[in-house]
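Working notes, beginning with the structure itself.
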Amino acid sequence: MVVLEAPTESKMAPPHHFDWDINDTNIPKVSEFDPFVEWTDGHCRFVYPVEQEEAKRHSSGWAMRNTNNHNVNILKKSCLGVLMCSLRCTLDGGAKVHLRPAICDKARKKQQGRPCPNKSCSGRLEVMQCRGHCGYPVTHFWRHTEHAIFFQAKGVHDHPRPEAKSTAEARRSLTGRGLTSTLPGQTSHRSLHPRPLHHHHNPRISGNKRPFLLLSLPRPLGRVF
DNA sequence: AATTGCGGGGATT
DNA sequence: AATCCCCGCAATT
């Protein structure tokens, strides 16, 4: 990484391939922005407009939690992995169970040990941790300037994607009604689910986002000067 | 009740 | 000093 750190001559670099790192003291201005990428993976960087709502929220398809890096200018988040069935069962539709870990520690602890949502499975939910960045969770970095929101990711996720945030929220509002507590060692099967809740994977999302079309961007290009 | 960001503080290298 | 983690707090949704 690096470049353009020349203490004296920081202004001038070749107009082309202007490189930047989230930690640079001088971050370049950009004239073009990237479309928001929900499922970033690998070492990548994007620049979003300050009006971009997802970017403003520092959101991601991956379940990311804030981690303190003691730097007020750069927000750091690390991946929480994915909630899986301990028996790795397969749902009727052929899909696997990979739910979204709650960001809140307390809520996530409650998720673990709950019965697998597959009613014909006796497994329990457990967190598969992310170790995609040198044995540590994948990290995301966010940095705001007057003109743009800079994003940088480090590491390659070594686990399946969790369900999308919108899907997790939808289920939460369905399932979280009334009595909540179901303890791991308990017999209270709260399979009150009116309908099978597999199809997490594309019922509604097609309307407002196209998850796959934008993923084929080979890399960020043509946006910097 | 869960999300998000902040920040103190501990452990390690 | 840097990096990583855990925890509690507060504002927000």
Side-chain angles (χ1 to χ4, degrees), chain A residues 1-2 5 7 21-25 36-40 43 45-46 48 50-83 98-115 117 125-146 148-159 161-184 186 188 190 192-193 197 200 204-205 208-209:
Chain A
M1 6 322 230
V2 193
E5 279 306 292
D21 184 271
I22 201 79
N23 292 305
D24 288 342
T25 51
F36 184 75
V37 181
E38 187 175 14
W39 296 101
T40 68
H43 185 182
R45 296 168 306 180
F46 298 104
Y48 301 121
V50 292
E51 305 85 20
Q52 221 292 325
E53 289 301 322
E54 325 261 348
K56 272 201 266 187
R57 264 176 272 133
H58 312 132
S59 72
S60 171
W62 306 99
M64 307 295 295
R65 73 159 164 200
N66 183 301
T67 82
N68 186 11
N69 62 347
H70 298 279
N71 184 335
V72 286
N73 298 311
I74 303 175
L75 178 65
K76 176 182 178 180
K77 297 183 138 191
S78 55
C79 181
L80 288 168
V82 61
L83 252 192
H98 19 70
L99 307 183
R100 188 176 191 81
I103 305 301
C104 169
D105 290 348
K106 196 167 70 176
R108 197 171 57 258
K109 277 165 189 156
K110 284 195 291 183
Q111 290 178 318
Q112 300 187 65
R114 291 222 278 244
L125 294 180
E126 62 185 22
V127 167
M128 171 183 285
Q129 276 162 292
C130 178
R131 296 207 167 80
H133 184 223
C134 307
Y136 287 108
V138 168
T139 46
H140 288 179
F141 298 89
W142 295 91
R143 181 167 174 178
H144 289 239
T145 70
E146 295 178 62
I149 301 174
F150 290 78
F151 169 86
Q152 183 168 344
K154 296 180 180 176
V156 180
H157 295 275
D158 57 348
H159 55 86
R161 292 178 181 184
E163 60 183 347
K165 187 183 294 186
S166 53
T167 314
E169 288 166 357
R171 188 211 347 287
R172 202 169 63 209
S173 57
L174 282 181
T175 210
R177 278 299 118 77
L179 315 174
T180 39
S181 43
T182 297
L183 299 179
Q186 274 298 11
S188 50
R190 63 110 179 66
L192 323 159
H193 316 299
L197 25 91
H200 306 119
R204 221 59 332 220
I205 2 182
N208 49 359
K209 18 190 120 171

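Every chain is numbered from 1 and lettered A, B, ... according to where its sequence line falls, protein lines coming before strand lines.
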5'-most by nearest nucleotide on DNA chain C - A:Asp105 or A:Lys76:
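Here A:Lys76 is the residue nearer the 5' end.
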What's the spacing between [X] [atom1] and [Y] [atom2] if we round to 0.5 Å?
X: A:Asn23; Y: A:Gln152; atom1: CG; atom2: CD; result: 7.0 Å
X: A:Ile149; Y: A:Arg57; atom1: CD1; atom2: CZ; result: 11.0 Å
X: A:Phe141; Y: A:Arg143; atom1: CZ; atom2: CZ; result: 12.0 Å
X: A:His98; Y: A:Met128; atom1: NE2; atom2: CE; result: 10.0 Å

Output a table of nitrogen or oxygen pairs between the protein and nucleotides 2-5 of chain B separated by less than 3.5 Å.
unit_1: B:dA2; atom_1: O3'; unit_2: A:Arg172; atom_2: NH1; d: 2.9
unit_1: B:dT3; atom_1: OP1; unit_2: A:Arg172; atom_2: NH1; d: 3.4
unit_1: B:dT3; atom_1: OP2; unit_2: A:Ile103; atom_2: N; d: 3.0
unit_1: B:dT3; atom_1: OP2; unit_2: A:Cys104; atom_2: N; d: 3.0
unit_1: B:dT4; atom_1: OP1; unit_2: A:Lys165; atom_2: NZ; d: 3.3
unit_1: B:dG5; atom_1: OP1; unit_2: A:His58; atom_2: ND1; d: 2.1
unit_1: B:dG5; atom_1: OP2; unit_2: A:Lys77; atom_2: NZ; d: 2.9

Could you tell me how the ring of [X] sits relative to the ring of [Y]: parallel (under 30°), tilted (30 to 60°) or perpendicular (over 60°)?
X: A:Phe46; Y: A:Tyr48; value: parallel
X: A:Trp142; Y: A:His58; value: tilted
X: A:His140; Y: A:Phe151; value: perpendicular

Identify the two heavy atoms, one from A:Cys130 and one from A:His157, that lie closest to each other, and give their separation to 0.1 Å.
SG-ND1, 3.8 Å
By nearest heavy atom, map A:Ile74 and A:His70 onto DNA chain B; which one lands nearer the 5' end?
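Closest to the 5' end, via its nearest nucleotide, is A:Ile74.
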Give me the first and last nucleotide of DNA chain C, going 5' to 3', that has any atom under 4.0 Å from a heavy atom of chain A.
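Taking any atom under 4.0 Å from a heavy atom of chain A, the span is C:dC4 to C:dC6.
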